[in-house]
Number of protein chains: 2
Amino acid sequence: MALSPSARAPLADEVTAKLRAMVQSGEWPLHQRIPSETELMAGLGVSRGTLREGIKALAHSGMLEVRRGDGTYVRATSELSGAARRMYQDHTEQHILEVRLGLDTQAARLAARHATADDVTALRALLTARDQAWAGGDYEAWARADWGFHERVAQASGNPLLHELYLSFGSAFHQDLLKQQRRPGFDGRPHEGHDHLADAIEARDEDAAAATVDRNLNSCAEWLAG
Amino acid sequence: MALSPSARAPLADEVTAKLRAMVQSGEWPLHQRIPSETELMAGLGVSRGTLREGIKALAHSGMLEVRRGDGTYVRATSELSGAARRMYQDHTEQHILEVRLGLDTQAARLAARHATADDVTALRALLTARDQAWAGGDYEAWARADWGFHERVAQASGNPLLHELYLSFGSAFHQDLLKQQRRPGFDGRPHEGHDHLADAIEARDEDAAAATVDRNLNSCAEWLAG
DNA sequence: CAGACATCAAACGTCTAACCTTTAGGCTGG
DNA sequence: CCAGCCTAAAGGTTAGACGTTTGATGTCTG
């Protein structure tokens, strides 16, 4: 044939793209099982091997989880999480905290610039829940609220890329949080920096927001080292 | 059988791990072609389908590139680049620059804290090369030296995680650089912030280093917007 | 002798078809 | 009501075959 300008993209790559699109569009919601390989083979018109190559690519990047004998589930809407988790295992707490400091500071600064009234309300509510959980001794709820607060700050930054990065690294960040609270003598309440950060964001004071995060995480780093 | 504590990891995942190890250990250097599928099948003792699943996972994450009719090549030593490049396409220059600002600032601060004499020497050399390239009108060399400077700062931070992140996002960052210099009226020399940054790092002045980066990228952002 | 063209082998791309292992959930019997 | 068995469904793995692309080799022509 005279056409075919050059080379078609491999079928398996198209499959990967279609699967990713199904997840990102929300057609396959988080934590839900996607159709079986047999159904997908028919739906996409490819052989099982080709289909599996596409699935495995997304599974490796953390977006899907394949459970033998059961099915395949959506585990994330971004493809960073797998690589992020893998990278985390190779680095020390100190280095992780340093990277987090960079992202957190920037998130706080941008949140102070762009946060909406709803964002502030949500942040306050999370802090209240956090204090209550600590008072009630519910460690799990405390960690969830604490992480929720940080994640909401990232969202309030109005920068989807930053937010997505934060979410992808979130599981590892959160793990660090849990590690902290398990140490003897840890007190989750006195760190009032969270309130100060919420204040700074509401007041649209970028420098104060950034400084607060810097102070919080640095004291956290010292506490880990000490 | 009484053994088999639970479930063995899928063979394809083991293959992926072994391939990644070959790359990260340097046994398969960057830009070099790895053994053919036939050889790997024999070497690893798995079928072609299983092997290809493993290869495709790493190819999708940007570590390998499979070229039909030719072979498979090593394209990166980290697995972030693929996801990073894909994420970049979905976000605006503004948001990219904001994230970069966060990472760059932290890198500069840490470099001021940890940089060795060799680091400083290398930074100075790159700045010299950068100026010469600009004077000679060699745009490509200018961009290479400019990016090399930023990457070296990240390396000098002494934080491997930060450095790896920076490298993974590097291609996209670098692309932004090229976009800038193509605009009419752009002058690559007057931005003397690079020299100031090198000064601050050598003087071990963390705040000055961070402030310089902040000033540079913010002016860059304004220039893009203007 | 240099360049254009034909040829070939190596390597990846895809498909088919089968069999094994694991898992979830229903069924059955106590 | 619970424990254990049983089975259908789903993923894991293998084997072999054939198509397509690419890079290199060799040959022919001007």
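All values below were derived from every heavy atom in this structure, side-chain atoms included, with hydrogens, water molecules and symmetry-related copies excluded. To find a chain, count down the sequence lines: A is the first, B the second, and so on, and within it residues start at 1.
Of the candidate nucleotides dG12(D), dT14(D), dG13(C), dG13(C) has the atom nearest to the side chain of Pro10(A). With dC15(C), dC12(C), dG11(D) as the choices, the nucleotide that has an atom nearest any side-chain atom of Thr72(B) turns out to be dC12(C). The side chain of Val66(A) lies closest to dG11(D), out of dT14(C), dG11(D), dA11(C). Distances from the side chain of Arg67(A) to the nucleotides dT23(C), dG23(D), dG11(D) place dT23(C) closest. Distance from the side chain of Ser47(B) is smallest to dA15(D) among dC15(C), dA15(D), dG11(D). Closest to the side chain of Arg68(A), out of dC15(C), dT14(D), dT21(C), is dT21(C).
Put simply, CG on Leu64(A) is 12 Å from P on dG12(D), counting in whole angstrom units. Atom CD in Glu53(B) sits about 14 Å away from atom P in dT14(C), given to the nearest Å. Between the P atom of dT16(C) and the CZ atom of Arg48(A) lies a distance of 13 Å, rounded to the nearest Å. Whole-Å rounding puts the Ile55(A) CD1 to dG12(D) C1' distance at 12 Å. What separates CZ of Arg33(A) from P of dA9(D) is a distance of 12 Å, to the nearest Å. Taking atom CE of Met41(A) as the reference point, atom C1' of dA9(D) lies 15 Å away to the nearest angstrom. The interatomic distance linking Leu58(A) (CG) with dG11(D) (C1') rounds to 16 Å, in whole Å. A straight line from CD of Glu37(B) to C1' of dT14(D) spans 15 Å, rounded to a whole angstrom.
Taking 4.5 Å as the limit, every side-chain heavy atom of Leu80(A) sits out of range of all side-chain heavy atoms of Glu164(A).
Note: Phe149(A) and His194(A) have tilted aromatic rings, judged against thresholds of 30 and 60 degrees for the angle between ring planes. Ring geometry, Trp134(B) versus Tyr139(B): the interplanar angle falls under 30°, so the pair is classed parallel (tilted spans 30 to 60°). Using a 30° and 60° split on the angle between ring planes, His150(B) and Trp147(B) fall in the tilted class, from 30° to 60°.
Note on Arg52(B): every side-chain N or O is 4.0 Å or more away from OP1 and OP2 of dC12(C). Listed pair Thr50(B) / dT14(D) meets the phosphate criterion, a side-chain N or O lying under 4.0 Å from OP1 or OP2. Not one side-chain nitrogen or oxygen of Thr38(B) sits closer than 4.0 Å to the OP1 or OP2 atom of dA10(C).
Looking at which nucleotide of DNA chain C each of Tyr73(A) and Leu11(A) is closest to, the 5′-most match is held by Leu11(A). Along DNA chain C, the nucleotide closest to Asp13(A) and the one closest to Asp70(B) are compared, and the more 5′ of them pairs with Asp70(B).
For the atom pair OG1 (Thr50(A)) and CZ (Arg48(A)), the distance works out to 12.0 Å, reported to the nearest 0.5 Å.
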